[in-house]
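As the structure is a prediction and not an experimental result, all values here were calculated from the model.
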Amino acid sequence: MPARIRIYGKEATFTQGHWSCEDDSLLAMLEALADPRANTEEQEHLHALYAAGRFGGAVATPEGQWQTAPHPEAEIKLEDFAPASRTSTPESLANKAGWLGFLKRKK
C-alpha cells in the first residue's frame, strides 16, 4: 500500500522509491527528498512521515485518518562544528578580555 501525505493542501503518494503528485512544485520538493531504497511498506511509511514532517504536513493512517507528522530531528547541529562553551553566563563573559572588558569591576 503506498504511503499518502498531504502538504499545503495537496496530496502525494510515495511508492517504490518515487513520489507522485499533481502539483509540480510539490513533486519537485518531494523528489529531492526521495529515498530509492524504501521498498517495503514500513520503509515507505517512515519516509513519508519524514517528508511530511520536513514540510509541516500530515500522513494518512491505515484507518483513513490524517495524522500530523512530527518535525524530524535536525540532521546537522551546531555542536558538530563548534564545541559548546564551558562558561556562557553574562558574568563570565564580562570577566573575559574583549569588547566586554569595560564591564569588569575594578578592584
Side-chain angles (χ1 to χ4, degrees):
M1 179 177 171
R4 291 184 353 197
I5 65 171
R6 183 180 289 165
I7 300 174
Y8 308 130
K10 307 286 184 183
E11 289 190 24
T13 57
F14 182 70
T15 182
Q16 297 298 315
H18 295 285
W19 286 100
S20 61
C21 179
E22 292 180 7
D23 186 69
D24 291 336
S25 59
L26 179 59
L27 181 61
M29 292 186 330
L30 293 172
E31 281 293 326
L33 296 176
D35 184 5
R37 300 170 294 169
N39 293 324
T40 66
E41 187 174 327
E42 181 181 344
Q43 290 172 337
E44 288 176 354
H45 178 74
L46 288 175
H47 179 68
L49 190 64
Y50 170 77
R54 288 283 302 233
F55 298 117
V59 177
T61 62
E63 296 84 33
Q65 302 292 325
W66 290 99
Q67 172 189 356
T68 303
H71 192 69
E73 189 68 28
E75 296 173 6
I76 299 175
K77 298 181 182 178
L78 184 60
E79 293 83 26
D80 296 340
F81 298 102
S85 174
R86 289 183 291 133
T87 57
S88 60
T89 62
E91 296 82 19
S92 66
L93 290 175
N95 290 331
K96 290 183 178 180
W99 71 276
L100 292 177
F102 66 91
L103 294 175
K104 187 176 179 183
R105 285 196 165 166
K106 308 252 188 228
K107 293 184 180 182

* Which residues share a side chain to side chain donor-acceptor pair (under 3.5 Å) with Asp35, sequence neighbours left out -> Arg37
* To do: Quick one: name the residues clustered hydrophobically with Ile76, using the 4.5 Å side-chain heavy-atom rule over I, L, V, M, F, W, Y, and just say none if it's on its own.
  => Phe81
* Asked: What ring pair (Phe, Tyr, Trp, His ring centres under 6.0 Å) pairs are there with at least one residue in residues 23-44, not counting sequence neighbours?
  -> none
* Structure fact -> Sorted by chain and number, sequence neighbours left out, side chain to side chain contact (heavy atoms under 4.5 Å, CB included) with Leu46 holds for Glu42
* Asked: Does Gln67 CD have over 12 foreign heavy atoms under 6.0 Å away?
  -> no
* Glu22: side chain to side chain donor-acceptor pair (under 3.5 Å) partners, not counting sequence neighbours -> none
* Asked: What ring pair (Phe, Tyr, Trp, His ring centres under 6.0 Å) pairs are there with at least one residue in residues 21-45, not counting sequence neighbours?
  -> none
Residues 5-16, side-chain donor-acceptor partners within the protein, below 3.5 Å, at least two apart:
unit_1: Arg6; atom_1: NH2; unit_2: Glu11; atom_2: OE2; d: 2.9
unit_1: Thr13; atom_1: OG1; unit_2: Ser20; atom_2: OG; d: 2.5

Check: residues 47-64 side-chain donor-acceptor pairs under 3.5 Å, at least two apart:
unit_1: His47; atom_1: NE2; unit_2: Leu33; atom_2: O; d: 3.4
unit_1: Tyr50; atom_1: OH; unit_2: Arg54; atom_2: NH1; d: 3.0
unit_1: Tyr50; atom_1: OH; unit_2: Glu75; atom_2: OE2; d: 2.4
unit_1: Arg54; atom_1: NH1; unit_2: Glu75; atom_2: OE2; d: 3.4
unit_1: Thr61; atom_1: OG1; unit_2: Glu63; atom_2: OE1; d: 3.4
unit_1: Thr61; atom_1: OG1; unit_2: Gln65; atom_2: N; d: 3.2
unit_1: Thr61; atom_1: OG1; unit_2: Gln65; atom_2: O; d: 3.1

